[in-house]
Structure formats: structure tokens, C-alpha cells
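To start, the structure itself, in C-alpha cells.
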Amino acid sequence: MSGLSGPEASLFRPMTDPFGRTIRYLRVSVTDRCDLRCFYCMSEDMTFLPKADLLTLEELDRLCSAFIAKGVRKVRLTGGEPLVRRNVMSLVRSLSRHLGTGALDELTLTTNGSQLARFAGELRDCGVRRINVSLDTLDPAKFRAITRWGDIDKVLAGIEAARAAGLAVKINAVALKNLNEEEIPELMRWAHGKGMALTLIEVMPMGDIGEGRIDQYVPLSLIRARLAHEFTLTDLDDDTGGPARYAGVTETGGKLGFITPMTHNFCESCNRVRITCTGTLHTCLGQEDASDLRKPLRASPDNTLLGASVSRHMSVTGG
Ligand code: SAM
């Protein structure tokens, strides 16, 4: 897969985006497909994009490498479900060369965990050290109801395989009214008992979920207030570059994160941009901005057009 060197590399210098942020964190969707159908994320009978619209693994590598050459230090692979993309490990392995050169600090992924038992060892081999696993409940029947057909045992086995391989695992859980809100203390005790941080997420009105959105939303301020009856939460100053704010929990000794897009935005701490699996760049989750990077990527086999296009959309600062 292609790397960047020589004159090409000089096209890519550290960048700030139109909001004046120095971009260090790239989140890349490698597929729109998923083996689960979480009811707040996808409809049961999803229509996925034609394969030709998706970036190839080589194109994804070129794109990520271009951003890394421009100063991105952390790449997170996501989806859809990243581990259902065929040969995705060849992309992970290829991107890991940037860890080897020191150009990249961290290569990580967000997964539903269903395929993790197969891939945990190889991820670790490729230099991945931390992963996020999405898990909203420990109750097998609720898990099936949320994901429509998921098998929680596979996810739990995946988490154990990841831990056994030496990966640090963080659990992400979407807080869902009348579904898992009562279970959050138990989920937290379970995660913290295994040395895993837990991050709660407010459900957002996004994704193609088919039928109208039933009332799923519960503010995390409410969940936090409830937890405070039982636990001592102390705000931490951790700046992960991600959207979560963290608290330490005295009773469990673990970390609890809050992602609150609905009640409190996180623009001031955000240093990341997103790319979809079709090569569309979004510099802000909360805005409608979008730039097509697939066109310059496909217009020329080298990275000259791509670099110029990225620079046009991000105002470039000194080298
Ligand atoms: N398949 C991977 C996974 O399950 O983590 C990666 C993609 S998934 C879209 C990433 C995260 O977004 C998951 O934690 C999922 O629960 C969360 N998510 C999906 N739809 C959401 C929504 N409408 N509101 C809040 N979070 C959502």
C-alpha cells in the first residue's frame, strides 16, 4: 500500500481546520455494513451502499496516510462494524507502519465486539493497544432486543480475548430510557471490576432507523445525579482529544466517561475530524459541512491532488 515520501510529503503539513482547531485525531469509517442492527442506529432492513462507492482498503490507507503526514497523531477505525470489512486487518497492518516510524501515536478502533475473539491477537500484533467496545447491557435478552439479533456471549468472549491479548478495553454504552438506564450502576461495577473504563453516551437523533424514533432519550445529567446517590464521582482533567468528560469513581476505583452531545457540546475540546467510508470529510459532527475526498483520491494515483484538496478544506498553518 502507498506511503508518502519526498516532495509528496511536503504537501502535507500540520493543519488547522476552518474552526481554528489543530487537527490531531482522525476517525475513519471503513464500512457502512454491520452484523448487528441496534435499533437506535439502523433499521432492520438496511440498504447498504454499492461496493463501488466505498473506498478500497488501499484508498483508505492513502487517505489516512495523507492526514498522518499532515500532523494527525491518532487514528480510530470505526464503521458500520470495522471488523466485518473483508481483509480489514491488511489495512490495520499497513497503517501500523506509521506507529513504527513514530508519525502516529495511536491506532485504535471502535467495535461491537462480535468478531473480536478472532482478531484480538492480530490487533495487538499490529500495535493496537486500546480499543472501545460498544455494549449497552449485560442482559442477554435486552442485548438481543437492542441489537435485534446479537449474541452477547460472542461480545463477552471478544472482550475477554482482547483483555487476554493485552489490549486495554473501554466500554461504551448508550443510555436508553426504560431499557438500560436502571442497569447502569451494574454495568459500571462490572466494567470497573475488570479494570475497564465505562463511557456513557446520550442517544442522538441520527442514523437511518426506519420507523419513527420512540422515546429513547435520557439526559446523562439525570443518570449522573442518580449515580451520585450511591457513588462518589470526582471530575477528572483527562483530555483524550475525544468528546468524553471523565469522572473517577471512588467506590470502584474506575473511570466513568460522559458523552453528552444533546445537553452539552464538546467543541472546546474537540480536535478531530471524521471521514466516511465513501471518503467524505466532516470537520464537525454538529454542522452540515462535507468535502468529497474520494474524487481527488481516484483522479490520480499519486497524492498530489488529494493533498491539495485536503489543504483547500483545512487552512494550513506552518510546517
Ligand atoms: N460498530 C461499531 C460499534 O458498535 O462500536 C462502531 C460504529 S457504532 C456507530 C459507534 C458507536 O455509536 C456505538 O457505541 C453506538 O452505540 C453509537 N451509536 C450509534 N447510533 C447512535 C445514536 N443514535 N446515538 C448515540 N450513539 C449512537
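What you see is a predicted model, and the numbers here were worked out from it, not measured in a lab. Read the numbers this way: they start at 1 and go in the same order the structure lists the ligands and their atoms. Only heavy atoms go into these numbers, but all of them, side chains included; no hydrogens, no water, no symmetry mates.
Side-chain polar atoms of Glu251 and Thr232 form a donor-acceptor pair below 3.5 angstrom. A side-chain donor from one of Ser65 and Arg97 sits under 3.5 Å from a side-chain acceptor of the other. Judged by distance alone, the side chains of Glu81 and Thr111 do bring a donor and an acceptor atom under 3.5 Å apart.
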Q) Does the pair Arg163 and Glu160 meet the rule for a salt bridge (charged side-chain N to carboxylate O under 4.0 Å, His left out), with working shown? A) CA-CA 5 Å; Arg163 297 176 66 229; Glu160 287 314 316; 3.0 Å; yes
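In this structure Arg118 satisfies the side-chain contact (heavy atoms from CB on, under 4.5 Å) test together with Gln115, sequence neighbours excluded.
Less than 4.0 angstrom separates some heavy atom of Thr78 from each of these atoms of ligand 1: 6 (C), 7 (C). Of all atoms in ligand 1, listed by their number and element, those nearer than 4.0 Å to a heavy atom of Val174 are 16 (O), 26 (N). Applying the 4.0 Å criterion to heavy atoms of Ser134 picks out, from ligand 1, the atoms 3 (C), 4 (O), 5 (O), 13 (C), 14 (O). Interface of Cys41 with ligand 1, defined as ligand atoms under 4.0 Å from a residue heavy atom, comprises 19 (C), 20 (N). The Met204 neighbourhood of ligand 1 comprises atoms 22 (C), 23 (N), 24 (N), 25 (C), with distances under 4.0 Å to a heavy atom of that residue.
Considering backbone and side-chain N/O atoms, Tyr40 comes within less than 3.5 Å of an N/O atom of ligand 1.
Heavy-atom distances between Gly79 and ligand 1 reach below 4.0 Å in at least one pair.
Counting heavy atoms closer than 4.0 Å to ligand 1, residue Thr111 contributes backbone atoms (N, CA, C, O) but none from C-beta onward.
The shortest side-chain heavy-atom distance between Val174 and Ile146 does not fall under the 4.5 Å cut-off.
Evaluated by nearest non-hydrogen atom to atom 6 (C) of ligand 1, the leading choice among Gly80, Gly150, Gly113 is Gly80.
Cluster annotation: Val88 and Leu54 are assigned to distinct hydrophobic clusters (Ile/Leu/Val/Met/Phe/Trp/Tyr, side-chain heavy-atom contacts under 4.5 Å, transitive).
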